[in-house]
Structure formats: C-alpha cells, structure tokens
J.: 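Pasting a structure below so you can have a look.
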There are 2 protein chains.
Amino acid sequence: MSELLTTNRKEQLLEVAAKLFKQRGYAATSMRDLAAELGIEAASLYHHIKSKEEILETICFDLASKFSIVIAEVNDIYFNAEEKLRTAIKNHVQIITQNTNQSAVFLHEWRNLSEPKLSEFMKLRDAYEKGIRVILKDGMNEDVFDDVDEKFASLTILSTVNWINEWYKPNGKMSTEEIAQNLSDFILGGLRKKMVTDINYKP
Amino acid sequence: MSELLTTNRKEQLLEVAAKLFKQRGYAATSMRDLAAELGIEAASLYHHIKSKEEILETICFDLASKFSIVIAEVNDIYFNAEEKLRTAIKNHVQIITQNTNQSAVFLHEWRNLSEPKLSEFMKLRDAYEKGIRVILKDGMNEDVFDDVDEKFASLTILSTVNWINEWYKPNGKMSTEEIAQNLSDFILGGLRKKMVTDINYKP
DNA sequence: AATTTTGCCTAACACATGTTAGGTTATGTC
DNA sequence: GACATAACCTAACATGTGTTAGGCAAAATT
C-alpha cells in the first residue's frame, strides 16, 4: 500500500530531523541540512510536512503523549507508593533510552515552539510533574517517605531522570533496567523515611 | 577613565546577550535582536565585539572558569569528604543562582561553539566532573559514602544541581542557602553509608 | 585649543533561510 | 492501456542573516 510507504517515509523524516535537532539544535538546523541528510532537495520535504515547525511540534507532542500515558497508568494501577515511584522511574528511563533523539528535542528544543502550541506543551509538562507529585504525597501520607517540599522533590527527581539523556549511549555497558534500578535506589535513598542510625549522622 | 566605560558597556552587552540566548537560544537570537534590546544598531555591536560567536565563547568560558576555581578550592582546602561535597554543592548552587542567564547558556548553548573552542570547553567540563568524582572516591575510601559507580554518581549529582537553573527565580521563597541545604541532604541521603534499618527496607 | 578615542550611525554586501509554484517520473490500480 | 498518486525535481521568491566600510558627533586626553 502507498499509505504505508508515505507513513514510513514521513517517520524516517521525523527520525532524521530529531537526530539533527539534537545534534545542532532546532534553529541551527536548516531545511536544506535535513533534506541533504535524507538525500533529497529541500523543496521535496514539503510533500511530507507542512512547515518546519510542524516537525518540531510532532516530535515534542509525540513524546509528551508517551509520558502522559505511563504516568496515568502508574497512578491508576499500582498501590504502594515506593512501588509506584520505582515504576514511574523505570517507565521514564525506558522512554528516554528508547527515544534518545526525540527526548533531547523534547527536553531542550520545545522553547522554539510558538504560541499556542507552546502553552499547550507546557501544560502537558506540568501535568506530568503533578503526576510525580501525587506519588510523593501518597508516600508521605503512608509515612514511607520523609516529609519534603513536594515541588522541590518532584523537580529534583525529574532532573535526575532527565539527565540520563545527556550521557546515555544505546550501546553502553549499563542496561535500561540497571539504570532505572540505580536511579531508584539513589532517589529513594534520599526520600525514604529513616531512623537515625546512619553512620556519621549529625542532626 | 574611558577604559572603564568600555568595559561596562561590553559587560552590559554580554549580560543582555546571555538573557536573550537563554530566552530564545543562541541560533535563534539575531544580532539585530540583540542590538534592539540595547537600543543601538546591529552594526554598532561590532565596536565592542569581534563576532557573534565571540559573545558565546566569552559567556561560556567565563562561567567555566568560575566553576574551575571553586572545585579546585574545595579539593585543596577541606578535609572531610562529606564536608567537601556539601561545600562543592553550595558553591555550585551559588554560581548558578547568581548567574542565571549565563548559566543557562553555559548549560545548553555551548553546543553552538565551533572547533577548537568546542573541544576546549568540553575539556573544562570534564575536569569539573572529575573534581566531583575525586570527592566521591575520598568518601568511599573513608567509608562515609556507599560504594557506587563513580561516573554514574557524579553525573547524577551534577544533573541535580544543574536542574536548579530550570526553575530558580531570583525572588523565589527559597534562599540559595536553603536550596543548597536541601539538595545536599537529598544527595547525601542517597550516598551516605547506611545500616539496614530503614523502615520498609527490602534488600 | 588640538587631537585622539569612544560609541554610535547609515548603507550595503554576500549569502542562507523557509517556502511556493509548477513540472517530471516511477509505481501501482482500475 | 488509461489513470491516479506518491515522491521527487528545478527555479525562484522574499526576507533575514552576520558582517564590513566609512563617516560623524561627543567626550577624554594631550
């Protein structure tokens, strides 16, 4: 079917665009750069897409949608707060490691969106952060997590899991599961309710 | 003295440039944008600077130098590993909160540097990360920190302290000291050697 | 008072940018 | 075999880009 071919070619275009946007940034990547990478002329791109910004929108909102889905799942299905947080972290790590280029665009290039898409995107981001905050609140209510400033803690957690994108290489020695495990341990070590028995603890 | 005036005007130019580079990104900020913000014509900028990229270089390397200085200080002066790490975090937070615009450029826009400045910059970044790694190694040798993958841990710590730049507002309710305190607690909670007495701990 | 320096201006350049219009060719469908 | 469609092409456009050349007025220096 031709429909399938179109889709494939467009997906290929989006994949290559994400790669270039990650490498050089959105504004520094020209339509001619993108076309050259695909082996076609710049004008030919417009057979598949409407504008340069449409490419950015598609990449950003596709990934935002993936994040929205998994955070909703976690807050629906799992019961225990620690398990919830571990699962959320694992899902987050998975999305980033399986979509390295798109993730970089999602994390850094969304500023180049123009209104009204920009506001729309920021709403989705905020909703995700709120999802994390709900888990923290649960954990504090269950007395599993230490009392912390929710906003501060959620942003710190997100910073940690997002930073993976800066150094993760698909063929590195650490698996997605190991990364998620280590990050969860680190984060939960900082959050979990502790009795005062740490060596060298000074209150 | 005229020397002084020149310096001031140039510093003002760099400050405004950093502000715009943070807001719109380096590539998306034109020399005409920058000039307009300063109330002059684009061509007049070249009385103060040699090229657009020179502005980016100055901002990036100025901040890199600040980071280099404080990490060297910490590893020279302080003895205890936990104290070292706390001081390093405090210094890092201070640099970021006191130079919000330049920090954003330092963290995100350095990719727009071209060789050989790009490699030079990346070396400075790596040296800083190595400085953090030394502290972690010390802490593990002193049996104060849990055994962790040094590279992984140092990158996680940097991710946490760097993310401040995404949400910090100079007039927010949290002071620099409070932010540093909270981050240190969070990070050290995840690092400090623990006896197995955490509530709900499952090995 | 004469001269240099500073900080800006106008005008223009060569080139890169996103995008459109209209045409061509190969592929698959009726 | 006629036809539709997908995927690309060449040519060109209007505009934006970083940057240079040369000049002018005010301030600082001699």
J.: Write down the distance between CD1 (B:I40) and C1' (D:dC24), rounded to a whole number of angstrom.
T.: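 Distance check: B:I40 CD1 to D:dC24 C1' gives 16 Å.
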
J.: Reckon A:H47 has a side-chain N or O less than 4.0 Å from the OP1 or OP2 of D:dT5?
T.: no

J.: Provide, to the nearest angstrom, the distance between the CD atom belonging to A:E41 and the C1' atom belonging to D:dA12.
T.: 14 Å

J.: Please give, in whole Å, the distance from D:dA7 C1' to A:R9 CZ?
T.: 8 Å

J.: For the residue pair A:F152 and B:W167, categorise the inter-ring angle as parallel (less than 30°), tilted (30 to 60°) or perpendicular (more than 60°).
T.: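 Judged by the thresholds at 30° and 60°, the geometry between A:F152 and B:W167 is perpendicular.
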
J.: In terms of relative ring orientation, are B:F21 and B:Y26 parallel, tilted or perpendicular, with 30° and 60° separating the classes?
T.: perpendicular

J.: Which whole-number value in Å describes the distance from A:L34 CG to C:dT17 P?
T.: 12 Å

J.: Could you work out, with side chain to side chain donor-acceptor pair (under 3.5 Å) as the rule, every residue matching B:E120, not counting sequence neighbours?
T.: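 Partners of B:E120 under the side chain to side chain donor-acceptor pair (under 3.5 Å) test: none.
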
J.: Starting from the C-alpha separation in whole Å, work towards a yes-or-no answer on side-chain contact (heavy atoms from CB on, under 4.5 Å) for B:V134 and B:I71.
T.: CA-CA 10 Å; B:V134 168; B:I71 194 69; over 6 Å; no

J.: From CG of B:N8 over to C1' of C:dT6, roughly how many Å is that when rounded to an integer?
T.: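 The answer, rounded to whole Å, is 13 Å.
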
J.: Between B:L38 (CG) and C:dC9 (P), how many Å, whole number?
T.: 10 Å

J.: Measure CG/B:L45 against P/C:dC8 and give the value in whole Å, please.
T.: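 Atom-to-atom, B:L45 to C:dC8, this comes out as 9 Å.
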
J.: Could you list the residues that satisfy side chain to side chain donor-acceptor pair (under 3.5 Å) with B:S65, not counting sequence neighbours?
T.: none

J.: Whole Å only: how far is the CG atom of A:L13 from the P atom of D:dA6?
T.: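 Computing the A:L13:CG to D:dA6:P distance gives 16 Å.
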
J.: What does nucleotides 13-20 of chain D look like as a protein-contact string, B for base, S for sugar-phosphate only, - for none, at under 4.0 angstrom between heavy atoms?
T.: ----BBBB

J.: Give a yes/no on whether any side-chain N or O of B:S44 is located under 4.0 angstrom from OP1 or OP2 of C:dC9.
T.: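 The answer is yes; a side-chain N or O of B:S44 sits under 4.0 Å from OP1 or OP2.
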
J.: For A:F106 and A:F121, I'd like to know if the aromatic rings sit close, meaning centre-to-centre distance below 6.0 Å.
T.: yes

